Amino acid sequence: MIDRDAPVTEEELHALVDSELPEDRKEAVDAWLTAHPDQAAAVAVWRAQADSIRARYGAVANEPVPARLMLDQVLKRGRSNGRSWAAIAAAASIAAFIAGGAAGWFAHGASAAIPAGFDALTADALDAYKLYVVEVRHPVEVPGSERPHLTQWLSKRLGTELRVPDLQTIGLKLVGGRLLPGQTGAAAFYMYEGPSGERFTIYCAKAKATETALRFKSGDGSAAFYFVDDKVAYVVSGPADRDALEKVTKSVYEQVDKTGARKL
C-alpha cells in the first residue's frame with residue numbers, strides 16, 4: 001500500500017520534472033502529488049518552464065563542447081602560462097564540473113586554435129551561454145535572490161569592483177550567476193530570463209584595454225555584443241535578434257559604466 005502522506009523532497013519533485021526520478025519512487029511521488037494539489041500545481045509550472053526551455057534551446061544542448069574548454073586543454077594552457085599547479089587544478093576542477101553533464105565533450109577530440117582578443121573572449125562567452133542557457137535545475141551557482149553576495153563574491157574573485165545590472169525595467173529577471181575560467185583568469189557570468197523564457201547572459205573578465213567601441217558577433221542562433229569599460233570586458237549574449245540584444249546591452253552598459261560619460 002502506498003502512503004500518500006509519506007515525505008517527498010523538493011529534489012525528488014525536480015527529478016520527476018527532469019525524468020530522472022528512480023522508477024521505484026514514481027508511484028509514491030505521484031500519489032503524494034494527488035494528495036497535495038498545491039505542490040502538484042507547482043510541479044506543473046516547472047514542467048511547463050522546462051518544456052519551454054527545451055523547445056527554445058534544444059538544438060544548442062546537443063552541440064559539442066569546444067576543445068578549449070576540455071580538461072586537457074585547460075591543463076595545457078595553464079602550464080604554458082607558467083601558472084602554479086594549484087591554480088591549474090582550480091581551473092581544471094571547474095572545467096571538469098562544466099563537462100560533467102556532457103560526456104560527449106570528452107569524446108569530441110578535435111583541437112582548435114585559441115583566437116586572440118575580442119574573438120577569444122566572445123567565443124568563451126557564447127560557449128558559456130550555449131552551455132548554461134539550456135539548464136533547468138542548475139543554470140547558476142548563486143541565485144538572483146542573493147545579489148549582494150553574488151556581487152561581493154565575483155568582485156573579489158576577479159579582483160575588481162563589479163556591478164550586477166538590474167534589468168527588470170526591460171522585463172528581465174536575474175536568475176543568478178556563477179564563476180567561470182577565462183582567457184585572463186576568473187570570469188563572472190550572470191543570467192537573466194524574460195517572461196517568455198528567453199534568456200540573456202553577461203560574461204565579464206578583466207581586460208588590458210581601458211575601453212573599446214561596441215562590437216557585434218552572431219551565428220548558430222545566438223549573438224553577442226562586446227565592449228570594454230574601465231579595463232573590464234563585457235559580453236552580452238542572447239538569441240540572434242540584434243534589436244532585442246542591443247536593447248539589453250544598452251541597459252547593461254548604462255549601469256556598469258563607471259565614468260557616466262558615454263552612452264550607447
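The shown structure was predicted, so the numbers you read here are calculated from the model rather than taken from an experiment.
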Exercise. Between Lys247 and Ser251, is a side-chain contact (heavy atoms from CB on, under 4.5 Å) present by the stated rule, with each step listed?
Worked result: CA-CA 6 Å; Lys247 180 181 179 180; Ser251 185; over 6 Å; no
For this session: Take Arg199 and Glu193 through the salt bridge (charged side-chain N to carboxylate O under 4.0 Å, His left out) test and state the conclusion after the steps.
Result: CA-CA 4 Å; Arg199 287 179 166 182; Glu193 186 172 85; 2.8 Å; yes
Problem set entry | Worked check of side-chain contact (heavy atoms from CB on, under 4.5 Å) between Leu179 and Leu158 | CA-CA 9 Å; Leu179 181 71; Leu158 267 68; 4.2 Å; yes
For this session: Please assess Tyr253 against Leu214 for the test side-chain contact (heavy atoms from CB on, under 4.5 Å), listing each intermediate value before the final yes or no.
Result: CA-CA 10 Å; Tyr253 181 82; Leu214 191 66; over 6 Å; no
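Side-chain contact between Ser237 and Tyr226 is absent, with no heavy atoms from C-beta onward closer than 4.5 Å. Within the 4.5 Å cutoff, side-chain heavy atoms of Tyr203 are placed close to those of Leu121. Between Leu33 and Gln39, the closest side-chain pair of non-hydrogen atoms falls below 4.5 Å. Side-chain contact between Lys217 and Val235 is absent, with no heavy atoms from C-beta onward closer than 4.5 Å. Proximity of Leu174 to Asp166: side-chain heavy atoms (C-beta onward) are nowhere separated by under 4.5 Å. Counting only heavy atoms from C-beta outward, the side chains of Asp124 and Phe189 never approach each other to under 4.5 Å. For the pair Tyr132/Arg178, a side-chain contact is recorded, criterion being any heavy-atom separation below 4.5 Å from C-beta on. A heavy-atom distance below 4.5 Å is not found between the side chains of Phe200 and Leu167.
The structure places CD of Glu146 at 11.0 Å from OG1 of Thr151, a figure rounded to the nearest 0.5 Å. To the nearest 0.5 Å, the span separating SG on Cys204 from CZ on Arg163 amounts to 12.0 Å. One distance of note links OG1 of Thr184 with NZ of Lys231; it measures 12.5 Å at 0.5 Å rounding. Within the model, atoms OH of Tyr190 and CG of Leu154 stand 5.0 Å from one another, a figure rounded to the nearest 0.5 Å. For the atom pair CG (Asp241) and OG (Ser218), the distance works out to 11.5 Å, reported to the nearest 0.5 Å.
Residues Leu131 and Leu126 fall into different hydrophobic clusters, defined by Ile, Leu, Val, Met, Phe, Trp and Tyr side chains chained together at heavy-atom separations under 4.5 Å.
For Lys26, the side chain to side chain donor-acceptor pair (under 3.5 Å) criterion is met by Glu23, not counting sequence neighbours. Shown here are the side chain to side chain donor-acceptor pair (under 3.5 Å) partners of Arg137, two or more places apart in sequence or in another chain: Glu11, Asp18, Glu20.
Pro139 and Met191 get closest at one heavy-atom pair: CB-SD, 3.8 Å. Across all non-hydrogen atoms, the minimal contact from Ala128 to Leu180 is CB-CD1, 3.6 Å. Shortest non-hydrogen contact noted between Glu12 and Arg25 is OE2-NE, 2.7 Å. Of all non-hydrogen atoms in Leu245 and Gly238, the two that sit nearest each other are CD1-N, 3.8 Å. For the residue pair Leu162 and Ala188, the shortest heavy atom distance occurs at CD1-CB, 3.9 Å. The minimum heavy-atom distance linking Gly171 with Pro195 is given by the pair O-CD, 3.2 Å.
A side chain to side chain contact (heavy atoms under 4.5 Å, CB included) with Tyr192 holds for exactly one of Ile202, Val236, Ile170; it is Ile202.
In terms of modelled atom types and a separation under 3.5 Å, the side chain of Thr34 and the main chain of Asp30 share a donor-acceptor contact.
Ring orientation note: the planes of Phe225 and Phe216 are tilted relative to one another, at an angle of 30° to 60°.
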